[in-house]
Amino acid sequence: QNVCAQSYSFAWWDWARWEREIDWMALSGINLAPAFAGQEAVWQRVYRNLGLNQSEIDKYFTGPAFLAWNRMGNLRRWAGPLPPAWHFKQLYLQYRIVERMRSLGMTTVLPAFAGHVPQGILRVFPHVNATRLGRWSHFDCTYSCIYLLDPEDPMFQVIGTLFLKELIKEFGTDHVYSADTFNEMTPLSSDPAYLSRVSNAVFRSMTGADPKALWLMQGWLFQHQPDFWQPAQVRALLHGVPLGRMIVLDLFAESKPVYQWTESFYGQPFIWCMLHNFGGNHGLFGTVEAINHGPFAARRFPNSTMVGTGLVPEGIEQNDMVYELMNELGWRQEPLDLPSWVSRYAERRYGAPSPAAAGAWRLLLRSVYNCTGVCVNHNRSPLVRRPSLRMDTELWYNASDVYEAWRLLLSAGAELGHSPTFLYDLVDVTRQAAQQLVSDYYLSIRQAFQSHALPELLTAGGVLVYDLLPELDSLLSSHSLFLLGRWLESARATATSDQEAEQYELNARNQVTLWGPSGNILDYANKQLGGLVLDYYTVRWSLFVSALVESLNSGRPFHQDQFNQAVFQVERGFIYNKKRYPAVPAGDTMEISRKLFLKYYP
């Protein structure tokens, strides 16, 4: 798991959904996993014991859909506060999560204190040495700039040990703890001695509560800010902890491995991790060659300290094949023959052999799933981005391979249409083809506008806004796993009152769209869901096409800034539209895919 997945994917899970996930992890041979639910309830108890009042705590915690970034010291207050009922329900979940994981022989990872504190700590302990961190991402200090307690301040050990003792009393322990002090945040000093003292203090606050503590740390910071984290700084941070008492997650090893330029993390054990996904975006993607060879190269690296493989996507429920492949590689002595593996995968996945389905998967394997070089899977398709005249339509693969895979899958429909996994994949591949088509229509719209061809602009814009996008929406609405309503209703179901339900729904809507009050991280967590495509993406495109038509008609130039202001009202309007979206699918997936195919197959 990834710290971010707690918010992008698990935010609204009930016990039934958690149980399925934990069982899947066990079936996949995963034996180490975070158990992060309920920590805010324990933190609240600790803060109250230290003398903070409830309003100071309420100004610190974010809403449920953004807790991942509160825990890493990036964000405070936004979309909060957390209602008391939230804490009770999360505690209940955490009891069951750790019990289930342990009963299946897994080691649970619990959160530890990384040094971030609410401002109220400074009121209660006016002499503590705390520094205000800078702004995170595109947020100003209204919602970021969190205080970091100096690791050498005696209160660091007091708070860290108090929290961990309380947590262990509540949930027991398997002696592995997670803490990230500098996730996407620059430390106050690059002095190696300072960095060693920081990591040593974090580790001591763990051993103060559990002498057997092992620190599991994300290695994201080293590749995220390589200018700061030079070899001396990396070595200092890692060597502040005794060798073997820290395990580093080489978080983005398939694209930007850190072990190679740090002499295998200077002797600390590490796990070779596949990050793969950002923001829980939809979009077919993989780096199959990199993951097929990467773990084996890491094992053979001189003095390698690799101790395992890991899956660390920011969001799940997308691109199942890549995760099945990665899980399998952990058991292998050498790389797989991928084309034959993927043909067998198709048979296992659909429960019956089908030459057409196997052929489709081999095409997908060599195209969308075979990104090479430094690949960052962030869906930048014009479909899910705010329209402009400078949009990125480049692909790392041959688009015709996806169209052909779509044709082959549809042709296998008669024999495989009874398989739920087949129907899911048919939606996903059709969705990918539609996403490619959106780029084509966008290019036609831009070309028509730039050459002042109004009839062509009206034609391309009309097809996109009035046919292609609504058809895509009805396709997505035909499958339960592609419904906006499923995400929103699961948020509402977590609530214990109407007021909470409203708050949670706004959290859920904001995360997948504006990501912040003013589009701070706009569309970072974009999804392609029935309801969202029609009422959010299509409305934006409609406004864009209208603005271009208006510009050609009036002879006034198109101004992106003015458009951005207008479209922001549309984006914000979606979050507050109060419309209830169905959580049950409607329509025949095969039928809709076939209709799209007959109309649009190039």
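What you see is a predicted model; the values in this text were computed from it and never measured.
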Are there more than 12 heavy atoms of other residues, nucleotides or ligands under 6.0 Å from atom NZ of Lys599?
yes
Please say whether more than 12 non-hydrogen atoms of neighbouring residues, nucleotides or ligands are located less than 6.0 Å from OH in Tyr466.
no
Would a distance-only check, ignoring hydrogens and angles, find a side-chain to backbone donor-acceptor pair under 3.5 Å from Trp78 to Gly63?
no
Under the ring pair (Phe, Tyr, Trp, His ring centres under 6.0 Å) criterion, do Tyr424 and Phe482 qualify, and how do the steps go?
CA-CA 9 Å; Tyr424 174 87; Phe482 288 95; 5.2 Å; yes
Is the positively charged end of Arg509 above the ring of Phe574, judged by distance under 6.0 angstrom from the centroid and angle within 45° of the axis?
yes
Between Tyr403 and Trp406, what is the ring plane arrangement, given parallel below 30°, perpendicular above 60°, and tilted in between?
tilted
Aromatic ring centroids of His378 and Tyr524 under 6.0 Å?
yes
Please lay out, stage by stage, how Tyr600 and Gln436 fare under the test side-chain hydrogen bond (donor to acceptor under 3.5 Å, both in side chains).
CA-CA 11 Å; Tyr600 288 105; Gln436 292 173 183; over 6 Å; no
Inspect the surroundings of CG in Asp337 and state if more than 12 heavy atoms from other residues, nucleotides or ligands are less than 6.0 Å away.
yes
When you look at Leu548 and Leu389, which way does the side-chain contact (heavy atoms from CB on, under 4.5 Å) test go after all the steps?
CA-CA 10 Å; Leu548 297 183; Leu389 291 170; 4.2 Å; yes
One pair to check against side-chain hydrogen bond (donor to acceptor under 3.5 Å, both in side chains): Gln225 and Thr186. What are the steps and the verdict?
CA-CA 8 Å; Gln225 291 177 304; Thr186 309; 3.0 Å; yes
What class does the angle between the rings of Phe285 and His276 fall in, given that below 30° is parallel, 30 to 60° is tilted and above 60° is perpendicular?
tilted
Please check if the distance between the ring centroids of Phe66 and Trp515 is under 6.0 Å.
yes
Trp361 vs Tyr345 aromatic rings, parallel, tilted or perpendicular, using cut-offs 30° and 60°?
perpendicular
Verify the neighbour count for atom CZ of Arg135: are there more than 12 heavy atoms of other residues, nucleotides or ligands below 6.0 Å?
no
How about Phe544 and Phe563: are their ring centres within less than 6.0 Å of each other?
yes
For atom CZ of Arg348, is the number of surrounding heavy atoms from other residues, nucleotides or ligands below 6.0 Å larger than 12?
yes
Aromatic contact between Phe278 and Tyr8, with the criterion being ring centroids under 6.0 Å apart: yes or no?
no
Surrounding NE2 of His138 (heavy atoms of other residues, nucleotides or ligands, distance under 6.0 Å), is the total greater than 12?
no
Polar contact flag, side-chain donor to acceptor under 3.5 angstrom, Thr589-Ser478
yes
